[in-house]
Amino acid sequence: MYLMAILGNSLILFVIKTQQNLHQPMYLFLSMLSATDLGLSASTLPTMLGVFLFNTREIGIDVCLTQLFFIYTFSMMESSVLVAMAFDRFVAIRHPLRYTSTLTSARIGNIGLAIIIRGIGLHIPAVILLKRWPYSKIQPLSYSYCLHPDVMKMACTDTTPSSFYGLFVVISTLGVDSVLIVLSYIMILQTLLSITSWQERLKALNTCVSHICVTLLCYTPQISLSMIHRFRKQALPQSQILLSYLHLLLPFVLNPIVHSMKTKEIRKRIMKIFKVPSPL
């Protein structure tokens, strides 16, 4: 799955980079999504391979905190990119004549910079809080990578400040992002209902299908994992671990597949690279 994720997202980036006609807002945001997927894959891959291939069972606190920082930073960046892609679809459908003039290259660059600053800035305090605490407990982690709840359990001090800050980060990122995505699609549906032709409605809605699928792939495992955390007394521990792995692996693998299947320009270019004849 890691190999498929790395190859798929690298291929998406290569196609968008080499095709001048794909240097448009929709594809630039897609390249951001692929880049964050690669970053998140690289954040979890070393320790996961260490556990399952080399039976490495120990990790230093500094390495653990570094991995934790990058996992949460890239996760937040992915969520932010999905919001930007929803806004992109809204502008393309609501104001098609002003689409390219609204989402210029400079503005897209600023959006990308804001996404990076948001992801890094919100998680630096979390790592600083964790770094300041003493750790004397040695106990197994729940997963083959470091997550915030696991690290807090190993601290021999009051972790209330970090717990509250973690809750603040979740609400201000995933909570706000999901609301913004829903609002974007409510406005998109309002615009579609104002179009009289059913063919034009379906054509406009078809441009959103890949983004909807990717958003569901990103948020569904997270919501399911949160529900299991809430009712974990009734849930098997294996289900919680499995959903966590699916949350980090499944979107990376399926995102390139979804966009390759639903985006005609990317699909044609990939077929050309592998010399696959286009279907009639």
Side-chain angles (χ1 to χ4, degrees), residues 5 9 12-13 16 25-44 64-92 102-132 145-149 151-152 161-187 211-212 214-223 225-226 244 247-248 251-252 255 259:
N9 285 290
I12 294 289
L13 287 173
I16 295 175
M26 175 182 175
Y27 303 107
L28 294 178
F29 286 126
L30 175 56
S31 66
M32 292 183 191
L33 183 66
S34 294
T36 57
D37 284 348
L38 286 174
L40 198 45
S41 297
S43 300
T44 57
C64 185
L65 292 179
T66 301
Q67 184 184 50
L68 180 150
F69 170 77
F70 282 109
I71 287 176
Y72 283 104
T73 297
F74 281 114
S75 295
M76 183 185 296
M77 289 171 59
E78 183 179 40
S79 179
S80 301
V81 172
L82 291 175
V83 175
M85 294 176 77
F87 175 71
D88 166 78
R89 292 298 84 209
F90 166 70
V91 175
T102 301
L103 292 173
T104 61
S105 298
R107 286 178 179 168
I108 293 174
N110 290 333
I111 291 173
L113 181 61
I115 289 172
I116 295 173
I117 293 174
R118 183 195 189 206
I120 294 175
L122 280 175
H123 286 106
I124 288 179
V127 175
I128 292 176
L129 284 173
L130 294 173
K131 177 66 176 175
R132 292 175 58 187
Y145 41 82
C146 293
L147 295 181
H148 194 266
V151 177
M152 285 197 301
S162 183
S163 180
F164 276 112
Y165 185 77
L167 179 61
F168 163 74
V169 170
V170 170
I171 295 174
S172 61
T173 55
L174 295 179
V176 173
D177 290 353
S178 59
V179 170
L180 291 175
I181 291 173
V182 170
L183 289 176
S184 296
Y185 274 99
I186 289 175
M187 291 186 289
H211 177 258
I212 294 173
V214 169
T215 303
L216 291 175
L217 285 172
C218 176
Y219 283 102
T220 302
Q222 292 188 42
I223 294 173
L225 190 60
S226 299
S244 179
H247 160 57
L248 286 176
F252 310 156
N255 285 355
H259 284 289

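All values derive from a computational prediction rather than experimental measurement.
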Give the minimum heavy-atom separation between [X] and [Y], together with the two atoms involved.
{"X": "H148", "Y": "L130", "result": "CD2-CD1, 3.7 Å"}
{"X": "F74", "Y": "S43", "result": "CD1-OG, 3.6 Å"}
{"X": "L122", "Y": "S172", "result": "CD1-OG, 4.4 Å"}
{"X": "L38", "Y": "A5", "result": "CD2-O, 4.3 Å"}
{"X": "L147", "Y": "L68", "result": "C-CD1, 3.6 Å"}

Using the side chain to side chain contact (heavy atoms under 4.5 Å, CB included) rule, take L216 and I212 through it: C-alpha gap first, then chi angles, then the decisive distance, then the call. CA-CA 6 Å; L216 291 175; I212 294 173; 4.2 Å; yes
Nearest-0.5 Å distance, [atom1] of residue [X] to [atom2] of residue [Y]:
{"X": "C146", "Y": "I71", "atom1": "SG", "atom2": "CD1", "value": "7.0 Å"}
{"X": "D88", "Y": "L28", "atom1": "CG", "atom2": "CG", "value": "9.5 Å"}
{"X": "T73", "Y": "I124", "atom1": "OG1", "atom2": "CD1", "value": "8.0 Å"}
{"X": "L33", "Y": "N255", "atom1": "CG", "atom2": "CG", "value": "5.0 Å"}
{"X": "M187", "Y": "F90", "atom1": "CE", "atom2": "CZ", "value": "4.5 Å"}
{"X": "M32", "Y": "L30", "atom1": "CE", "atom2": "CG", "value": "10.5 Å"}

Take N9 and L13 through the side chain to side chain contact (heavy atoms under 4.5 Å, CB included) test and state the conclusion after the steps. CA-CA 6 Å; N9 285 290; L13 287 173; 5.6 Å; no
Can you find a heavy atom in the side chain of [X] that is under 4.5 Å from one in the side chain of [Y]?
{"X": "V179", "Y": "L183", "result": "yes"}
{"X": "R89", "Y": "S184", "result": "no"}
{"X": "L103", "Y": "F87", "result": "yes"}

In sequence, state the C-alpha distance, the side-chain angles, and the governing distance for I111 and F29, and then conclude on side chain to side chain contact (heavy atoms under 4.5 Å, CB included). CA-CA 10 Å; I111 291 173; F29 286 126; 4.0 Å; yes
Using a 6.0 Å cut-off, check whether atom CZ of F70 has over 12 heavy atoms from anything other than its own residue.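 Open: at most 12 neighbouring heavy atoms sit under 6.0 Å from CZ of F70.
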List, one per line, each side-chain donor-acceptor pair under 3.5 Å for residues 76-84, sequence neighbours excluded.
from	atom 1	to	atom 2	distance (Å)
S79	OG	D177	OD2	2.6
S79	OG	Y219	OH	2.8
S80	OG	M76	O	3.0
S80	OG	R118	NH1	2.6

Parallel, tilted or perpendicular: ring planes of Y185 versus H211, cut at 30 and 60 degrees: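 Parallel, since the angle between the ring planes stays under 30°.
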Quick one: sort the Y165 and F168 rings into parallel, tilted or perpendicular, breaks at 30° and 60°.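 Rings of Y165 and F168: tilted, as their planes differ by 30° to 60°.
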Between M26 and M85, does a side chain to side chain contact (heavy atoms under 4.5 Å, CB included) hold up when you go through it step by step? CA-CA 7 Å; M26 175 182 175; M85 294 176 77; over 6 Å; no
Give a yes or no answer on whether the side chain of S34 reaches the backbone of S31 with a donor-acceptor pair at less than 3.5 Å.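 No: the side chain of S34 does not pair with the backbone of S31.
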